[in-house]
Amino acid sequence: MITPEQYGEELYAEDEQLNKVKQSILDNGIRDVSIVPGYGRLLTLLAKSSKAQSVLEIGALGGYSGICLARGLSEGGKLLSLELKEENAALARRNMADAGYGQIVNYRIGPALDSLIELERQGERFDFFFIDADKENYPAYLEYAIKLALPGAIIAGDNTLLRGRTLNPDKNGPAVLAMRKFNEMIARDERLISAFLPAYDGLALAMVK
């Protein structure tokens, strides 16, 4: 018996461009924690349906999610990606260029919170956010996303189940506690309209009112 996730993936043809990204991550000795294909397709759909023009990605890794987001951008749209490690950003930049999106993406290197503080100071605003970085800062990333959001902006946060640790009352490490707080914020913050998707490793979605 296959899982619902496996069944869903088998409906789609292999995406050679994204497979190349995953292989490049492994070839560079980086742990591949890219978004799963099913949720990657969802990011493209959401960006396209919301007519996203300005996307802020927190966590670039090798560019997998960046390509998914770029595929859904409206004409003239831009992607800004915050990435802690220079080597990850360099790999993501190469993969984005190989996919034909090198001209629409920019990277800011360093701790994401520092970049978010600077973006707020500069008065920058975005209409789509994807959060997939260090889990302990997820609540802070969500708060900044709301601050930097244009009305109607979409916010997506990946890995909300932490491979089941979020659900386990015996697991109470910093990342787990932060993720539980993030999930509760998504569900209860009156500034948001939201949904929680429990497939794969969990994805939280919200729209800023």
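A quick note: this is a predicted structure, and the numbers were derived from the prediction, not measured. As a basis for the values below, the full set of heavy atoms in this structure was taken, side chains included, without hydrogen atoms, waters or symmetry mates.
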> Calculate, to the nearest 0.5 Å, the distance between atoms CD1 and CG belonging to I131 and L82 respectively.
10.5 Å
> Hey, could you give me each pair passing ring pair (Phe, Tyr, Trp, His ring centres under 6.0 Å) that has a residue in residues 47-103? Not counting sequence neighbours.
none
> Checking N168 now: which residues fulfil side chain to side chain contact (heavy atoms under 4.5 Å, CB included) with it, not counting sequence neighbours?
D170, K171
> Under the salt bridge (charged side-chain N to carboxylate O under 4.0 Å, His left out) definition, can you give me all pairs with a residue in residues 16-38, not counting sequence neighbours?
K20-D98, K22-D32
> Listed by chain and number, what are the side-chain hydrogen bond (donor to acceptor under 3.5 Å, both in side chains) partners of Y138, not counting sequence neighbours?
K135
> Could you list all the ring pair (Phe, Tyr, Trp, His ring centres under 6.0 Å) pairs where at least one residue sits in residues 154-176, not counting sequence neighbours?
none
> Do you know the tightest heavy-atom contact between I117 and Y144?
CG1-OH, 3.1 Å
> Same hydrophobic cluster for V33 and L91, using side-chain heavy-atom links shorter than 4.5 Å among ILVMFWY?
yes
> Shortest non-hydrogen contact from F182 to G157?
CZ-CA, 4.1 Å
> Less than 3.5 Å apart, which donor and acceptor atoms pair up between the side chains of residues 55-63 and the rest of the protein, not counting sequence neighbours?
from, atom 1, to, atom 2, distance (Å)
E57, OE1, S81, OG, 2.7
E57, OE2, S65, OG, 2.4
E57, OE2, G66, N, 3.2

> Scan for salt bridge (charged side-chain N to carboxylate O under 4.0 Å, His left out) pairs involving residues 33-43, sequence neighbours excluded, and state none if there are none.
E9-R41
> Is it true that K181 and E184 have a side-chain N and a carboxylate O under 4.0 angstrom from each other?
no
> Side-chain donor-acceptor contacts of residues 201-209 below 3.5 Å, not counting sequence neighbours, with atom names and distances?
from, atom 1, to, atom 2, distance (Å)
D201, OD1, L162, N, 3.3
D201, OD1, R163, N, 2.6
D201, OD2, N159, ND2, 3.1
K209, NZ, E190, O, 2.8

> Can you name the nearest heavy-atom pair linking D127 to K51, along with the distance?
OD2-O, 4.2 Å
> To which residues is L161 joined in a hydrophobic cluster, defined by side-chain heavy-atom contacts under 4.5 Å among Ile, Leu, Val, Met, Phe, Trp and Tyr, whether direct or through other members?
L167, F196
> Apply the hydrophobic cluster definition, ILVMFWY joined by side-chain contacts under 4.5 Å directly or through others, and give me every member besides L11.
I2, Y7, Y12
> Would you say E14 and N19 are linked by a side-chain donor-acceptor pair, where the criterion is simply a distance under 3.5 Å?
yes
> What residues, two or more places apart in sequence or in another chain, satisfy salt bridge (Lys or Arg N to Asp or Glu O under 4.0 Å) together with R191?
E143, D189
> Please collect all salt bridge (charged side-chain N to carboxylate O under 4.0 Å, His left out) contacts where either partner lies in residues 70-81, sequence neighbours excluded, each pair once.
D15-R71
